[in-house]
Amino acid sequence: MKIFLTGATGFIGKAILAEVTTEGHEVYALARDLSRFYPVIEQLPSSLQQRIKPIVGDLSLPRLGMSSADYELLTDVDMIIHAGGPMNIRLNAAEAERAFLLPSKELAELAVQIHRNRRLKQFIHIVGYMSPYNEENGLTDQDAALRHAPPYERSKFQADAYLRKALHKHAIPLSTVNPSTVIGDSVTGKTEQLGGLGILVDAVRRNLMPLVPGGDKHWLPMVHLDHVASFVANLVRTDDVASNTYYLLDPRSDSPTMSALISTIATELRTMRPIGSVPPAMLKTALGAAIGERLGIPSESMNFIVNRDFSVSSKTTIEDMHGKRTSLTKDTFPFVIADLDFRLSHPAFTASEGFMQKRRSKIITLERTCEGPPLVLLHGTFSSADRLMPIAERLNGHRSILVDLPGFGRSPIPRGSSLIEDCVEAVTELILELEEPVMLAGHSFGGLIAAMVMERIEPRIRKLVLLQPVLHPVSTKYRYATITDKILKCINPYSIESELRKGGDFSNGGEGMERYVEAMIRDLKSSRIRHTNAWAMSLLTQTSSFRLRPEIWNPDKVRLLRGERDGKFRLPAPFRRFDIDSLPYGHQFPIEAPLLVADWFKSSIFS
């Protein structure tokens, strides 16, 4: 079919675009800014890109801001999916009306023209679970119920009511899809939208939730992003659909209470667990005062915490018809929390072109798919997968898998009693999952993990590459993780730079060190990442953490690359029998000189 889609560059719209083009439909996507639109579709396979035609326009303008030719083109489509509109609960009245109510009027007029021309099969409208409208009251005046709603909700729900009435007059089938709070992909947990659950995660990670809004009597309905897209695709393929309203959420009995939800977030973030509860209305009043502005928690966010049930019968009917469910995947929830935690610390981070975020068992990876054996890269302490991205970018044409070790970056906290063992198990599972031998490289702490993995599954390792590995105990000043954690919580950039210079981590204080320090400071805002680093450093002070057997290693498989100016780490005698190269840099040379390291890989490892 031919489908007109609004909001194609948004959090939900991007997922819908990928889903419906995968099923072979041709999509006309409304785009206000092509410079923002093309990077979105370039993430899709070329076969899907060919099914997408951008239509330049603006939802807030008359006739959607389109040219006459494009508007005429759209009168020949089979279906409209309206997923446009900002996720900004702080919009004022005028902004909210332009974002929601005015576009609904223009889209209704377009829908009527299409219907007269060729019969519109369906109009799918993405709204939200807090809308008061449904099939029973959607055609009556409900404005009184919205009188005290904030502008964002009022205009959004007025748009819902307007479309119901306008399309009903012309017997145009309207499927109103009401997602609950949309969280990340059901596999990876990737959640690019920092509103919604991100507001709650941010409050918990800053220890601002000692009292749970609503306690055990309230809940926050949630749905995975890919499940929203899948459900919309189910509607698209449903023949002779009748107007209906679909709530995308689990039954209340299958969902966590607010107390359970906040406790889970606090556990995953290593922050203070709640000590009591407070009525949402009371907290909303408090946040509506100056304190809400200071804390950065909008009072409107309390509106999405509810104590009522929603009917899921209509949703279940469609799901039974097509065999696809939208239930919350509970083992993914830690990945959602870790992903949001990372994005809150690094809001501007985007993976380089060609790299996809994936979940491999217990951990998250950034991967580029190419021909040839995979290169698995492990970072060190006070680091994450993205710090090694410049190396992988230079290795264009090689399949690279950058790992966030457990508790670092976007990966959830370790589940076992030993961080090192959890790291080794996670990387081992990743490699076994790939079902082919890999080249395994690790920097610093990651070098130790890589060596341990190689000893465990040596036949699956083509080559072991150790980049300035930590192979002996570090300073005993890191012995007590609790103390290290407290120090890291208040450390400043100047102290970090001083420590790096003293230890010979960088050969000079250039941009490489500045970027590293900035990223490290951002990381340490996360209690989860701070705790993991303190735990790792504590374990590295213990001799028992270095039980390696280099005497059994195959010398043909092992290469070492060292930084000559590293003032903290030496190479123990048993490891000197392997091929060793050196660079005139310090301990952090993979971060300071990534292009040089990548070229060394090309000449020494891939040649």
Side-chain angles (χ1 to χ4, degrees), residues 1-59 65-67 70 73-74 77 81 83-87 126 182 184-194 225-226 228-230 232-233 236 339 342-343 346-359 364-372 374-375 385-386 388-402 410 598:
M1 286 187 291
K2 295 179 181 179
I3 298 172
F4 176 45
L5 172 67
T6 70
T9 59
F11 181 44
I12 295 175
K14 286 191 292 186
I16 294 174
L17 179 65
E19 189 76 20
V20 295
T21 52
T22 298
E23 298 203 348
H25 303 296
E26 183 179 351
V27 178
Y28 296 90
L30 188 69
R32 186 171 59 227
D33 184 355
L34 291 180
S35 66
R36 183 184 172 194
F37 177 78
Y38 284 121
V40 170
I41 65 170
E42 285 168 1
Q43 296 177 25
L44 300 174
S46 57
S47 59
L48 302 188
Q49 293 180 32
Q50 296 171 8
R51 298 174 186 154
I52 302 169
K53 174 179 174 54
I55 301 290
V56 177
D58 189 328
L59 281 173
M66 293 186 290
S67 68
D70 283 340
L73 183 67
L74 292 180
V77 302
I81 302 176
M87 174 56 187
I126 313 298
V182 182
D185 181 270
S186 64
V187 177
T188 67
K190 182 180 178 181
T191 310
E192 295 175 318
Q193 174 62 259
L194 292 182
L225 174 64
D226 54 316
V228 176
S230 176
V232 170
V236 169
D339 189 78
F342 177 84
R343 291 174 189 277
H346 301 274
F349 175 80
T350 54
S352 297
E353 183 178 345
F355 284 83
M356 299 294 292
Q357 182 172 321
K358 294 187 176 182
R359 174 180 169 182
I364 290 296
T365 59
L366 300 176
E367 303 186 17
R368 178 171 56 200
T369 302
C370 298
E371 296 297 323
L375 169 64
D386 48 290
L388 300 180
M389 182 71 74
I391 296 176
E393 288 174 336
R394 182 79 165 187
L395 296 174
N396 191 23
H398 295 280
R399 183 179 177 188
S400 299
I401 300 176
L402 299 150
R410 309 150 193 79

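Residue numbers count from 1 along this sequence.
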Practice task
Show your working on side chain to side chain contact (heavy atoms under 4.5 Å, CB included) between Leu5 and His25 and close with a plain yes or no.
Solution key: CA-CA 11 Å; Leu5 172 67; His25 303 296; over 6 Å; no

Exercise for the section: Mark yes when over 12 heavy atoms from residues, nucleotides or ligands other than Arg51 sit less than 6.0 Å from its CZ; otherwise mark no. Expected result: yes

Completion exercise
Output for pair (Ile55 CD1, Phe4 CZ), nearest 0.5 Å, gives 7.5 Å

Completion exercise
Nearest heavy-atom approach of Thr6 to Ala83 is OG1-N, 3.0 Å

Problem - Test log, rule side chain to side chain contact (heavy atoms under 4.5 Å, CB included), inputs Ile52 and Leu44 - result: CA-CA 10 Å; Ile52 302 169; Leu44 300 174; 3.7 Å; yes

Handout entry: Distance (rounded to the nearest 0.5 Å) between Thr21 OG1 and Ile41 CD1
Key = 10.0 Å

Handout entry: Carboxylate-amine/guanidinium contact Asp339 Arg359, below 4.0 Å
Key = no

Handout entry: Closest non-hydrogen atom pair, Gly85 against Leu59
Key = N-CD1, 4.4 Å

Completion exercise
In this structure, CD of Glu192 is separated from CG of Leu225 (nearest 0.5 Å) by 8.0 Å

Exercise for the section: Check whether any side-chain heavy atom of Val232 sits under 4.5 Å from a side-chain heavy atom of Ile12, and report yes or no. Expected result: no

Completion exercise
Value for CE (Met66) from CG (Asp58), rounded to nearest 0.5 Å, stands at 11.0 Å

Practice task
Scan Gln357, Arg368, Met389, Glu367 and name whichever one has a side chain to side chain contact (heavy atoms under 4.5 Å, CB included) with Leu402.
Solution key: Met389

Problem - Leu30 to Gly57 - nearest heavy-atom pair and separation - result: CD1-CA, 3.7 Å

Fill in the blank from the handout: Looking only at heavy atoms, the pair that brings Thr191 and Arg343 closest together is O-CD, 3.1 Å

Exercise for the section: Answer yes or no: is there a side-chain heavy-atom contact under 4.5 Å between Val20 and Met1? Expected result: no

Problem - Closest non-hydrogen atom pair between Leu48 and Ala18, with its separation - result: CD1-O, 4.3 Å

Handout entry: Side chain proximity check, Val236 to Glu19, heavy atoms < 4.5 angstrom
Key = no

Problem - Straight-line distance of Met356 CE to Lys190 NZ, nearest 0.5 Å - result: 5.5 Å

Completion exercise
One should read off an interatomic distance between Leu375 CG and Cys370 SG, to the nearest 0.5 angstrom, of 11.0 Å

Completion exercise
On a heavy-atom basis, the closest approach of Lys14 and Ala8 is CG-O, 3.2 Å

